[in-house]
Amino acid sequence: MADDLNPKDHPTGNAEKDPHDWTTGGEPMTGAQASYLKTLSEEAHEEFDADMTKADASLKIDELQGKTGRGR
């Protein structure tokens, strides 16, 4: 195997992946995601959806961070 094909040579090379491509993206969001998303939703005066998947919660967190100015 060529060195440039070994993922261990570049461990962060694929660190940013579209959440919909995550293996576990369809699972329910984590407790940490839910807690942070609830806080962001309150600050942005938006409804909190407790039934989001991990992938959707991640995308919503990114959206609300932009809206609230948090996390960037």
Q: Could you tell me whether the side chain of Ser41 and the main chain of Leu37 form a donor-acceptor pair under 3.5 Å?
A: yes
Q: I'd like a table of donor-acceptor pairs (distance under 3.5 Å, sequence neighbours excluded) in which one partner is a side-chain atom from residues 44-52, with atom names and distances.
A:
| from | atom 1 | to | atom 2 | distance (Å) |
| --- | --- | --- | --- | --- |
| Glu46 | OE1 | Lys60 | NZ | 2.9 |
| Glu46 | OE2 | Lys67 | NZ | 2.6 |
| Asp49 | OD1 | Asp51 | N | 3.0 |

Q: Tell me, do Thr53 and Pro28 make a side-chain contact under 4.5 Å, heavy atoms counted?
A: no
Q: Which pair of heavy atoms, one from Pro19 and one from Ser58, lies closest together, and at what distance?
A: CG-OG, 3.9 Å
Q: As an exercise, state the distance from CD1 of Ile61 to CZ of Arg70, rounded to the nearest 0.5 Å.
A: 11.5 Å
Q: Please lay out, stage by stage, how Gln65 and Tyr36 fare under the test side chain to side chain contact (heavy atoms under 4.5 Å, CB included).
A: CA-CA 10 Å; Gln65 281 180 329; Tyr36 189 44; 3.0 Å; yes
Q: Please confirm whether the backbone N or O of Thr30 pairs with a side-chain atom of Gln33, one donor and one acceptor, at under 3.5 Å?
A: yes
Q: Does Thr68 use its side chain to pair, donor to acceptor, with the backbone of Leu64 at less than 3.5 Å?
A: yes
